[in-house]
Amino acid sequence: MKYSTNHWNNINKVYILLIKIPKGKVSTYKAVSQATGIHPRAVSRILHANKEPEKYPCYKIVKSDGRLGGYGGPGGVKRKKELLERDGIEIMNGKVDLKKYLHIFSKI
DNA sequence: AGCGCGGCTTTTC
DNA sequence: CGAAAAGCCGCGC
């Protein structure tokens, strides 16, 4: 099988990667997917089911083309944008400059 | 080159 | 069991 199916292990990996993202950087669903071996769909699902958003900043995960995608928290995407800007990330035309702000994960 | 459409995979209700 | 969800990729026009 191409992707991991161990629920607990997958969730763990995603959260670990999330907290490893330094301030002022973001990541993408795809990057997390590749780093963890989880399907992008599953990643989004895990992030949405995140029970501790303060610990695991799901807002730092954007789509592969730089757009924010969605946000399941209060305020929706607007809130997500604010949080990103608070971290010093510029959002131009509703998109994040991945070349500047994408965090590359070291091996997991 | 840009837009629209459908398929794919996993998790949750 | 069936459907939906915070996405991604490939194809056709």
Side-chain angles (χ1 to χ4, degrees):
Chain A
M1 57 184 68
K2 199 164 178 291
Y3 294 99
S4 305
T5 55
N6 299 357
H7 325 309
W8 64 269
N9 201 24
N10 288 351
I11 296 172
N12 221 337
K13 284 182 180 175
V14 173
Y15 289 167
I16 287 175
L17 287 179
L18 280 180
I19 63 181
K20 281 173 80 165
I21 300 176
K23 185 169 173 294
K25 294 266 187 175
V26 300
S27 187
T28 67
Y29 290 94
K30 190 182 168 187
V32 175
S33 163
Q34 291 183 358
T36 56
I38 311 170
H39 266 259
R41 261 299 193 175
V43 174
S44 71
R45 199 95 286 287
I46 291 170
L47 291 180
H48 194 218
N50 180 8
K51 293 179 177 64
E52 302 176 79
E54 296 184 9
K55 228 173 152 199
Y56 313 110
C58 47
Y59 66 87
K60 282 186 178 172
I61 307 297
V62 299
K63 299 202 347 177
S64 302
D65 59 356
R67 281 183 289 189
L68 299 189
Y71 186 60
V77 181
K78 208 163 63 178
R79 177 73 176 157
K80 188 168 179 175
K81 185 179 164 191
E82 284 182 13
L83 290 168
L84 290 173
E85 287 178 335
R86 190 199 58 169
D87 273 8
I89 296 162
E90 301 178 69
I91 298 185
M92 300 193 242
N93 204 8
K95 283 194 288 190
V96 177
D97 190 349
L98 292 179
K99 290 197 303 287
K100 274 177 80 169
Y101 299 111
L102 177 62
H103 172 66
I104 307 297
F105 295 115
S106 37
K107 286 183 198 167
I108 184 86

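Numbered from 1 within each chain, the chains take letters A, B, ... in sequence-line order. Being a predicted model, the structure only gives us computed values, none of them experimental.
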For this session: Compare every heavy atom of Y3(A) with every heavy atom of S33(A), then report the nearest pair and how far apart it is.
Result: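 Scanning both residues, the minimum pair turns out to be OG-CE2, 4.3 Å.
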
Exercise. For C58(A) and Y71(A), which heavy atoms make the closest approach, and how far apart are they?
Worked result: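 Answer, listing the atom of C58(A) first, then Y71(A): SG-CE1, 3.9 Å.
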
For this session: Look at H39(A) and dT9(B) and indicate whether a side-chain polar atom (N or O) is within less than 4.0 Å of OP1 or OP2.
Result: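 Answer is no, no contact under 4.0 Å.
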
Exercise. Does dT11(B) have OP1 or OP2 sitting under 4.0 Å from an N or O in the side chain of H7(A)?
Worked result: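 Indeed, a polar side-chain atom of H7(A) lies that close.
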
Tell me: [atom1] of [X] to [atom2] of [N], nearest whole Å?
{"X": "W8(A)", "N": "dT10(B)", "atom1": "CH2", "atom2": "C1'", "answer": "17 Å"}
{"X": "Y71(A)", "N": "dA5(C)", "atom1": "OH", "atom2": "P", "answer": "19 Å"}
{"X": "N6(A)", "N": "dT10(B)", "atom1": "CG", "atom2": "P", "answer": "11 Å"}
{"X": "R79(A)", "N": "dA6(C)", "atom1": "CZ", "atom2": "C1'", "answer": "16 Å"}
{"X": "I61(A)", "N": "dC8(C)", "atom1": "CD1", "atom2": "P", "answer": "11 Å"}
{"X": "R45(A)", "N": "dC8(C)", "atom1": "CZ", "atom2": "P", "answer": "15 Å"}
{"X": "I38(A)", "N": "dG7(C)", "atom1": "CD1", "atom2": "C1'", "answer": "14 Å"}
{"X": "I46(A)", "N": "dC13(B)", "atom1": "CD1", "atom2": "P", "answer": "13 Å"}

Exercise. Given the rule that I, L, V, M, F, W and Y join up when any side-chain heavy atoms are under 4.5 Å apart, are M92(A) and Y101(A) in one cluster?
Worked result: no

[Y] and [X], any side-chain heavy atoms less than 4.5 Å apart:
{"X": "Y15(A)", "Y": "N50(A)", "answer": "yes"}
{"X": "Y29(A)", "Y": "H39(A)", "answer": "no"}
{"X": "V62(A)", "Y": "L98(A)", "answer": "yes"}
{"X": "T5(A)", "Y": "I38(A)", "answer": "no"}

Exercise. Are D87(A) and K60(A) close enough for a salt bridge, meaning some N to O gap below 4.0 Å?
Worked result: yes

For this session: Salt-bridge test for R67(A) and D65(A): reply yes if a basic N is under 4.0 Å from a carboxylate O, no otherwise.
Result: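 Between D65(A) and R67(A) there is a salt bridge, with a charged N closer than 4.0 Å to a carboxylate O.
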
Contacts under 3.5 Å, N or O only, protein and nucleotides 9-13 of chain C:
unit_1 : atom_1 : unit_2 : atom_2 : d
dC9(C) : OP1    : K30(A) : NZ     : 2.9

For this session: State which of dT11(B), dA6(C), dC8(C) makes the closest approach to the side chain of N10(A).
Result: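 In terms of side-chain proximity for N10(A), the closest of dT11(B), dA6(C), dC8(C) is dT11(B).
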
For this session: Grab the stems for DNA chain C, please: at least three consecutive Watson-Crick or wobble pairs, both distances below 3.5 Å, written as range with range.
Result: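 When the pairs of DNA chain C are grouped into runs of at least three, the stems are B:2-8 with C:7-13, B:10-13 with C:2-5.
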
